[in-house]
Amino acid sequence: MQGIINRHLAGTVKKRLHNNPAVAILGPRQCGKTTLAGQIVKRIKKALYLDLENPGDLAKLSDPLAFFSLHNDDLVCLDEIQRAPDLFSILRSIIDERARNSQFLILGSAGPDLIRQSSESLAGRIAYLDLTPFLISELEAAQKDDMRLLWLRGGFPRSYLAEDHDISFEWRHDFIRTFLERDVGMLGFRMPPARLGRFWKMCAHIHGSLLNASKLADSLGVSSHTVRSYIDLLEHTFMLRVLLPDVPNLKKRLVKSPKIYIRDSGILHALLDIRTHDDLLSHPVLGTSFEGFAMENILASANHYEASFYRTSAGAEIDLILRRGRRTLAFELKSSSVPRVSKGFWNALEDISPDEAYVVAPVKESYPMKGDVMVSPLQEIIAKLKEE
């Protein structure tokens, strides 16, 4: 298996530290935040790291003003900041007093909406960066076998780098159990782990489909409000993506419900008991699994684009729309190496008239399908977006 995998975000973190008093790296647990921060801290002469899940490190902050005064000139890295959200108001006063950049590197396993103190206390003082699990563009070879393995196991380092499929699968099952039984409670939520786990599996079964909150609520025996709270929790802990429908200025009857995806393909497969490539190839989720996998990799490279999908009640549909200003890109995501698209795809292209349109599939090289529509491998699409 591969050695150290260089993360694309490393250079961005360094630039943001140079220009901001504090930088927060947010992402799911076990996605590599600590490893990335450790590499950055090692290259800085005056820097220290505190793991707030370590009782010894947490005890050092029993008098945070005194501790930070001892390290007035250091970059301080605070890992798992959601364990001590009250620190944010103190960090604000310290940042304003010192009036310099590169003071704090903060790591968290929940989005700013769940760590509310950060957005309220450090507004204008902190830059937020999202770290995903491994991306196909971060793998050294980025060949076909790498993509198949990453798709099956997902991008969490310990899952992707495991010695075999069984070890990878068991790690993901343990991750899911720990998330439900420990991590949710640590964020202050009092949700029954078994019920939330059932809901998560239900989301896996409708991965890539329109959200019907009422139907999910009926199946679980809870209210629609409870289902929304479950969705919000999974979304803000980077487990679930809620993709909103595109709303161009058209006189069309558009679908208004969002689509939901399990963000990491390996977690999706663990929830559905998919262990091997053969299991995946014979499973009904095959097409939407690739759709979600490709989408996450594309969105990680689509800086400053707004993402959505397009669907009308008449059946016109495109999997992914990216908009930035007046620029519009359209992507249909297919798992087949000989992709075919429906009439609804062509109708949708006529509706929205994108600047560029692609069918993304596991092909070796790009080729034209019809008109200006190109069939392209995922790696080539990502490279194009990075060039922008």
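Values reported hereafter were calculated over all heavy atoms of this structure, with side chains retained and with hydrogens, waters and symmetry mates removed. Small disclaimer: the values here were computed from a predicted structure and weren't measured.
If you check the side chains of Thr226 and Ser223, you find a donor sitting under 3.5 Å from an acceptor. A donor and an acceptor atom, one from each side chain of Arg340 and Ser336, are nowhere located under 3.5 Å apart. Using modelled atom types and a 3.5 Å distance limit, the side chains of Thr312 and Glu317 yield no donor-acceptor pair. Side chain to side chain, Tyr261 and Glu296 fail the donor-acceptor criterion of an N or O pair below 3.5 Å. In this model, a donor atom of one side chain and an acceptor atom of the other lie less than 3.5 Å apart for Arg98 and Asn72.
Here OG of Ser308 is found 8.5 Å from CD of Glu306. Values are rounded to the nearest 0.5 Å. Here Asp218 contributes atom CG and Lys215 contributes atom NZ; the two are 10.0 Å apart, rounded to the nearest 0.5 Å. One distance of note links CZ of Phe309 with CG of Leu244; it measures 8.0 Å at 0.5 Å rounding. Residue Leu280 holds its CG atom at 6.5 Å from CG of Leu152, rounded to the nearest 0.5 Å. Taken from CG in Leu58 to CZ in Arg83, the straight-line distance is 7.0 Å, to the nearest 0.5 Å. With values rounded to the nearest 0.5 angstrom, Ser265 atom OG is found 13.0 Å from Met295 atom CE.
Annotation: ring-ring contact (aromatic ring centres under 6.0 Å, His included) contacts involving residues 324-351, sequence neighbours excluded, comprise Phe331-Tyr358. Screening residues 37-83 for ring-ring contact (aromatic ring centres under 6.0 Å, His included) gives Phe67-His71, Phe68-Phe104 as the qualifying pairs, with residues at least two apart or on separate chains.
Using a 4.5 Å cut-off on side-chain heavy atoms (C-beta onward), Val222 and Arg195 make contact. By the 4.5 Å heavy-atom criterion applied to side chains, Leu61 and Ile90 are not counted as neighbours. Leu36 has its side chain within reach of Leu131: a pair of non-hydrogen atoms, C-beta onward, lies under 4.5 Å apart. Counting heavy atoms from C-beta on, the side chains of Leu333 and Thr288 never come closer than 4.5 Å. When side chains are defined from C-beta on, Ser137 does not count as touching Gln379, because their heavy atoms never get closer than 4.5 Å. Using a 4.5 Å heavy-atom cutoff, the side chains of His277 and His165 are in contact. Residues His205 and Leu272 are in side-chain contact: their nearest non-hydrogen atoms beyond the backbone lie under 4.5 Å apart. The side-chain heavy atoms of Asp63 and Leu65, taken from C-beta on, include a pair separated by under 4.5 Å.
Tracing side-chain contacts under 4.5 Å through hydrophobic residues (I, L, V, M, F, W, Y), one never reaches Leu385 starting from Leu129; they form parts of separate clusters. Put simply, Leu240 and Leu210 are part of the same group of oily side chains (I, L, V, M, F, W, Y) that touch within less than 4.5 Å, one to the next. Cluster membership for Leu75 and Leu122, using ILVMFWY side-chain heavy atoms within less than 4.5 angstrom, is not shared. Leu105 and Leu78 fall into different hydrophobic clusters, defined by Ile, Leu, Val, Met, Phe, Trp and Tyr side-chain heavy atoms under 4.5 Å apart, directly or through other members. Leu149 and Leu268 fall within a single hydrophobic cluster, where Ile, Leu, Val, Met, Phe, Trp and Tyr side chains are chained together by heavy-atom contacts under 4.5 Å.
Scanning both residues, Cys77 and Ala37, for their nearest heavy atoms gives SG-CB, 3.9 Å. Met374 and Ser366 get closest at one heavy-atom pair: CE-CB, 3.9 Å. Across all their heavy atoms, Gly27 and Lys33 have their closest contact at O-NZ, 3.1 Å.
Counting only distance, with no hydrogens or angles, the side chain of Arg100 and the backbone of Ser102 share a donor-acceptor pair below 3.5 Å. Between the side chain of Asp264 and the backbone N or O of Gly266, at least one donor-acceptor pair lies under 3.5 Å. Between the side chain of Ser289 and the main chain of Val285, no donor-acceptor pair closer than 3.5 Å is present. With hydrogens and angles disregarded, a donor-acceptor distance shorter than 3.5 Å links the side chain of Asp164 to the backbone of Asp166. At distances below 3.5 Å, not a single donor-acceptor pair connects side-chain atoms of Arg198 with backbone N or O atoms of Leu196. Side chain of His207 to backbone of Ile262: a donor-acceptor contact under 3.5 angstrom is found. Judged by distance alone, with hydrogens and angles left aside, the side-chain atoms of Glu138 form a donor-acceptor pair with the main-chain N or O of Leu135 at under 3.5 Å. Judged by distance alone, with hydrogens and angles left aside, the side-chain atoms of Asp57 form a donor-acceptor pair with the main-chain N or O of Asp51 at under 3.5 Å. One N or O on the side chain of Asn297 and one on the backbone of Phe293 form a donor-acceptor pair closer than 3.5 Å.
The number of heavy atoms from other shown groups lying within 6.0 Å of CD (Glu97) does not exceed 12. For CD of Glu170, the number of neighbouring non-hydrogen atoms (other residues, nucleotides, ligands) closer than 6.0 Å is greater than 12. Heavy atoms of other residues, nucleotides or ligands lying less than 6.0 angstrom from CZ of Arg29 number more than 12. Atom CZ of Arg323 is surrounded by more than 12 heavy atoms from other residues, nucleotides or ligands within 6.0 Å.
Tested against Phe156, the residues Phe179, Phe175, Phe238 include a single ring-ring contact (aromatic ring centres under 6.0 Å, His included) partner, Phe175. Of the residues listed (Asp278, Asp279, Asp273), the one engaging Arg275 in a salt bridge (charged side-chain N to carboxylate O under 4.0 Å, His left out) is Asp273, and it is the only one.
Residues Lys334 and Glu332 are paired through a salt bridge, judged by an N-O separation under 4.0 Å between the basic side chain and the carboxylate. Ion pair Asp355/Arg327 not flagged as a salt bridge, since none of the NZ, NE, NH1 or NH2 atoms sits closer than 4.0 Å to an Asp/Glu carboxylate oxygen. The existence of a salt bridge linking Arg177 and Asp174 is confirmed by a sub-4.0 Å separation between a basic side-chain nitrogen and an acidic carboxylate oxygen. Salt bridge Asp96/Arg92: absent, no basic N to carboxylate O contact under 4.0 Å.
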#### Entry: ring pair (Phe, Tyr, Trp, His ring centres under 6.0 Å) evaluation trace for His269 with His283
CA-CA 10 Å; His269 298 155; His283 199 283; 8.4 Å; no
### Task
Applying side chain to side chain contact (heavy atoms under 4.5 Å, CB included), run through Ile25 and Tyr128 and close with a yes or a no.
CA-CA 6 Å; Ile25 303 176; Tyr128 291 104; over 6 Å; no
### Task
Dump the intermediate steps for side chain to side chain contact (heavy atoms under 4.5 Å, CB included) on Ile206 and Leu216, then the final yes or no.
CA-CA 10 Å; Ile206 61 171; Leu216 289 175; 4.1 Å; yes
### Message
Assess the residue pair Ile231 and Val242 against the criterion (side chain to side chain contact (heavy atoms under 4.5 Å, CB included)); give the C-alpha distance rounded to whole Å, side-chain angles, the decisive distance to 0.1 Å, and a yes or no.
### Response
CA-CA 8 Å; Ile231 291 172; Val242 178; 3.8 Å; yes
#### Entry: side chain to side chain contact (heavy atoms under 4.5 Å, CB included) assessment of Val360 paired with Val375
CA-CA 6 Å; Val360 182; Val375 177; over 6 Å; no
### Query
Taking it one step at a time, do Glu235 and Arg263 satisfy salt bridge (Lys or Arg N to Asp or Glu O under 4.0 Å)?
CA-CA 9 Å; Glu235 183 180 14; Arg263 289 191 59 168; over 6 Å; no
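With a 6.0 Å cutoff to the six-membered ring centre and a 45° limit on the axis angle, Arg324 counts as a cation-pi contact of Tyr305.
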